[in-house]
Amino acid sequence: MPELPEVETIRRGLEREVTGKRIKTVEVHGTRSIRRHKNKKEFIARLEGTKINAVGRTGKFLVFRLDSGDRLVAHLRMSGQLLRAQARDPVPKHTHVVMTFTQGGQLRYVDPRTFGELFVGTPEDVAEHMPELAELGFDPVDEPMSWVVFGELLLRRRQKLKTVLLDQTFIAGLGNIYSDEILFQAGLRYDRTPDTLSSMEIRRLYRALVEVMHEAVKHRGSTLSDSQYVDVFGRPGNYQVEHQVYDREGEACRRCRTPIVRVKFQQRSTFFCPHCQV
DNA sequence: ACGCCCGCCTGTAAGC
DNA sequence: TGCTTACAGGCGGGCG
């Protein structure tokens, strides 16, 4: 579910809520959420007794820096949530990991679809067992680049624009919602190829990428009707009210009133305005 | 090199 | 009111 803006909102919540706290105990239910570990014991032993010094993010990955030198890496995939809780709070269904802090309070990992996962280890362990993290492309919020360099990288690509935007080894953090919103903002169709873009269009695409990401972070991400995404404190985001195309099939384009079109592209929905996007 | 399809899961909503 | 089907913010792998 969460893309860069949602993960960044969660990161900011974690920074406030768990940095400086020491993990007293860890409970793990099932093994699927920690599937890159040999067993639960190893996962638990590496976490218990450590203090969280900082929480970072690259693309859709969260990286907790522990005082042991280890990193705890989390990827929420479609339905993962990290939630602050008190020990006395009822434990919701699909709670896979519970960390209790010496200062009181808990951080819980809840994930109905269990696509998400947690991994803890030395930086070398992380590099070995989670190679995707090292292969991420640039983070449009953390490491902006010039649109000229962006254009050079883009022009090496032969795929359609939406495929390129979704490629985490090129740009880290975009998913289905924001790639559609960025392409609308840039006035470009999802199926254009980079070699057909003018330099003005490349510049527009890069501007749209950075602007949409910053606006979405400012509004604390998008929570859709299913309320799947909430931050660490259980609060929904607000960016969904700013959506121009995503989940707006048949509704009037906010710019030209033409009905928004939905197509299947790579087995997933793509929304666009057939008039504003060329 | 690229696009397409499936699988991984559970929950929800739409359709009959 | 059921039951069945389609689909959902991600991503990796296999195939042609």
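Reminder, nothing fancy here: chain letters follow the sequence lines and each chain counts from 1.
On the C1' atoms, C/dC11 is 22 Å away from B/dT12, given to the nearest whole Å. Taking atom P on both nucleotides, C/dA8 is separated from B/dC5 by 15 Å, rounded to a whole Å. Rounded to a whole angstrom, the distance from the C1' atom of C/dC7 to that of B/dC6 is 15 Å.
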Q.
In dot-bracket form, 5' to 3', how is DNA chain C paired? Count Watson-Crick and G-U wobble pairs only if both distances fall under 3.5 Å, and write | where the partner sits on another strand.
A. .|||||||.|||||||
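For the residue pair A/Gln86 / A/Arg88, no side-chain donor-acceptor distance below 3.5 Å is found, with atom types taken as modelled. Counted by atom type alone, A/Glu135 and A/Thr169 present zero donor-acceptor pairs between their side chains at under 3.5 Å. One side chain, A/Tyr109 or A/Asp111, offers a donor N or O that lies under 3.5 Å from an acceptor on the other. A donor and an acceptor atom, one from each side chain of A/Tyr190 and A/Gln266, are nowhere located under 3.5 Å apart.
Residues passing the side-chain contact (heavy atoms from CB on, under 4.5 Å) test with A/Gln244 are A/Glu181, A/Phe184, A/Arg254, sequence neighbours excluded.
When rounded to the nearest whole Å, the span between CG of A/Asp226 and C1' of C/dC7 equals 11 Å. Between the P atom of C/dA8 and the CD atom of A/Gln240 lies a distance of 18 Å, rounded to the nearest Å. Note: CD1 (A/Ile182) to P (C/dG9) measures 15 Å, nearest angstrom. Residue A/Lys60 contributes atom NZ, which lies 13 Å from atom C1' of C/dG12 at whole-angstrom precision. Between the P atom of C/dA8 and the CD1 atom of A/Ile177 lies a distance of 11 Å, rounded to the nearest Å. Across the protein-nucleic acid pair, A/Phe61 atom CZ and C/dC11 atom C1' stand 9 Å apart, rounded to whole Å. For the pair A/Tyr178 OH and C/dA8 P, the computed distance is 17 Å after rounding to whole Å. Distance CD (A/Glu181) to C1' (C/dG9): 12 Å, rounded to an integer number of Å.
A donor-acceptor contact shorter than 3.5 Å is absent between the side chain of A/Glu215 and the backbone of A/Val212. Under a 3.5 Å cut-off, the side chain of A/Arg262 and the backbone N or O of A/Phe271 do not form any donor-acceptor pair. At least one donor-acceptor pair closer than 3.5 Å links the side chain of A/Arg220 to the backbone N or O of A/Pro236. With A/His96 contributing its side chain and A/His94 its backbone, the two residues share a donor-acceptor pair below 3.5 Å.
When heavy atoms are screened at a 4.0 angstrom cut-off, A/Arg36 is found touching no nucleic acid atom at all. Among the atoms of the strands shown, base atoms are found under 4.0 Å from some heavy atom of A/Pro2. Nucleic acid contact for A/Ser222: none, since no nucleic acid atom lies under 4.0 Å from a heavy atom of the residue. Backbone-only engagement by A/Glu132 is indicated by non-hydrogen atom pairs under 4.0 Å involving sugar-phosphate atoms exclusively. Among the protein residues, A/Leu76 comes within range of no part of the nucleic acid, since none of its heavy atoms lies under 4.0 Å from any strand. A/Asn176 comes within 4.0 angstrom of sugar-phosphate atoms only, judged by non-hydrogen atoms across all strands, and of no base.
Each of A/Gln267 and A/His94 was matched to the nucleotide of DNA chain B holding its nearest heavy atom; the match closer to the 5' end belongs to A/Gln267.
Note on A/Tyr246: a side-chain N or O is less than 4.0 Å away from OP1 or OP2 of C/dG9.
Under the side chain to side chain contact (heavy atoms under 4.5 Å, CB included) rule, A/Thr102 has a single partner from A/Lys51, A/Lys21, A/Arg22, which is A/Arg22.
Taking Ile, Leu, Val, Met, Phe, Trp and Tyr as hydrophobic and joining them when side-chain heavy atoms fall under 4.5 Å apart, one finds A/Val98 isolated, its cluster having no other members.
Protein chain A contacts DNA chain B from B/dC2 to B/dG11, reading 5' to 3' and using non-hydrogen atoms of the protein with a distance under 4.0 Å.
Within 6.0 Å of CZ on A/Arg35 lie more than 12 heavy atoms contributed by other residues, nucleotides or ligands.
Regarding the sugar-base torsion, C/dG9 falls in the syn class, its angle being within 90° of 0.
Listed in residue order, the members of residues 152-164 of chain A having a heavy atom less than 4.0 Å from DNA chain B are A/Arg158, A/Gln159, A/Lys160, A/Thr163.
Listed by first then second residue, pairs satisfying salt bridge (Lys or Arg N to Asp or Glu O under 4.0 Å) with a partner in residues 147-160 of chain A read A/Arg157-A/Asp167, not counting sequence neighbours.
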